[in-house]
Amino acid sequence: MSQHDEASGRAGRLQWMREARLGLFIHWGLYSVAARHEWVKQRERLDDPAYQPYFDHFDPDRYDPVQWARAARQAGMRYAVLTTKHHEGFCLWDSALTDYKATNTPAGRDLLRPWVEAFRAEGLRIGFYHSLLDWHHPDFPVDGLHPQRDDEAAIKAAEGRDVRRYADYLHGQVRELLTGYGPVDYLFFDFSYPERVWGGMGRDDWRSPELLELIRSLQPDVVVNDRLDFEGDVATPEQYQPARSLASGDRLWEACQTLNGSWGYDRDNRDWKTADQLIRMLVDGVSKDGNMLLNVGPTARGEFEPYAVQVLADLGRWMDAHGRSVYGAGPAACTAPPDTRFTQRGDRLYLHLFAWPFQHVHLAGLGGRVRFAQFLHDGSQVHAEVTDPGQQAQNTTMGGLGSDVLTLTLPVRRPDVAVPVVELFLEPGQ
Ligand code: GLC
């Protein structure tokens, strides 16, 4: 697979994602039973026998993917990504290549198929997260990240492991996922670490160019992220807000964020982000040409936690009225004043007010370029004027600011929405 081939179709592949801007990430697996972070096996150096009770007790009797899909759509999300297999190696689908799968647990069925059907039925695009690491596979090396990394006996016993056989398994499972569930829109691989620890793994171990060739031969239009240590359509910063756009060429970026710092269900972790915070993170990202993939970690019984349900509903209330300032929008050509962000879609400019100033906002560079201004939540007019540069400041009259400055006059009381937005209609050609 040449880098040129891969780059050539990128813009087309990314169109839907650039339009979508907001997606749901779902981390679900045996770690949901342990309920203390998806890396529990690694953090607690658990070997397979110690981890087995989570397999034996994985019984999501309240799993209803239709409910999940509805919550995602109502939150304003346009795509969703589910962990088909995480680092623990457990597969949610009925893979023919392993017994370490949902069909062999009390769940007793393929949990991926109903998920795909439910989310498609709600009109959402489908993404599969797939771990490159596998702490269960007999040929995956015991390296510096492995749960048995400090276990001399395990390291010795693992000497005969052959990563080429593991890569064959990886390629085989990707083939299953791309031939058994219809069109897949996004593949989120996780992750390469060629330098970070002893025995680190990268493109040669995964045989990434060959894997990408296989993927393109099966589903040419699927978007692939940047964690194969080779190419990638989407940069995927994680759990931080980039200070500037990470887009390069046709590449897009997508920040994946948790609700509380953990991807998997973490029962006692109450370090919750608020809906207000998440909406500001989403808008900040779009203003820098990026997407947000917001995560939930369902419980072992297959439900979203009450807090997650509430946050998605709050997000949905704002997206319902303000969606057009996000979907298909991107960075603006002009600079936003402090405590605000601009997003732009064609001849519409959206001023997102992160803080509520008293009465006026002054928009440098927009004087004479705006034909109408309104609040997005209710369509009510917002007074906009260019002050005469010669105007003297006196009593309640402010001094003139120059013909390139557009001044908006805001009500004293902040509208009761998470982030108030003023929609500015640009003059033709502006
Ligand atoms: C990191 C975490 C992993 C998580 C992923 C999501 O790689 O280690 O657990 O699934 O990020 O982006």
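Whatever order the structure lists them in is the order used to number ligands and atoms, beginning at 1.
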* To do: Compute the minimum heavy-atom distance from Gln239 to ligand 1 and say whether it is under 4.0 Å.
  =>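 For ligand 1, residue contact (heavy atoms, under 4.0 Å) with Gln239 is absent.
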* To do: May I ask you to identify the nearest protein heavy atom to atom 1 (C) of ligand 1, giving residue, atom name and distance to one decimal place in Å?
  =>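 Its nearest protein heavy-atom neighbour is Glu238 OE2, 3.0 Å.
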Taking the basic N atoms (NZ, or NE/NH1/NH2) and the acidic carboxylate oxygens, is any pair closer than 4.0 Å for [X] and [Y]?
{"X": "Arg165", "Y": "Asp168", "value": "no"}
{"X": "Asp204", "Y": "Arg164", "value": "no"}
{"X": "Arg45", "Y": "Asp151", "value": "no"}

* **Region of Arg227 engaging ligand 1 - heavy atom pairs below 4.0 Å** =>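 Only the side chain of Arg227 comes within reach of ligand 1.
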Could you list which atoms of ligand 1 come closer than 4.0 Å to a heavy atom of [X]?
{"X": "Tyr129", "result": "10 (O)"}
{"X": "Cys256", "result": "12 (O)"}
{"X": "His87", "result": "3 (C), 8 (O), 9 (O)"}
{"X": "Glu38", "result": "3 (C), 9 (O)"}

* Asked: Do any N or O atoms from the side chain of Arg113 and from the backbone of Gly180 form a donor-acceptor pair under 3.5 angstrom?
  ->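 Yes, the answer is positive, given that a donor and an acceptor are paired below the 3.5 Å cut-off.
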* Stepwise, does the side-chain contact (heavy atoms from CB on, under 4.5 Å) test hold for Lys288 with Trp253? -> CA-CA 9 Å; Lys288 296 169 181 146; Trp253 66 272; 3.8 Å; yes
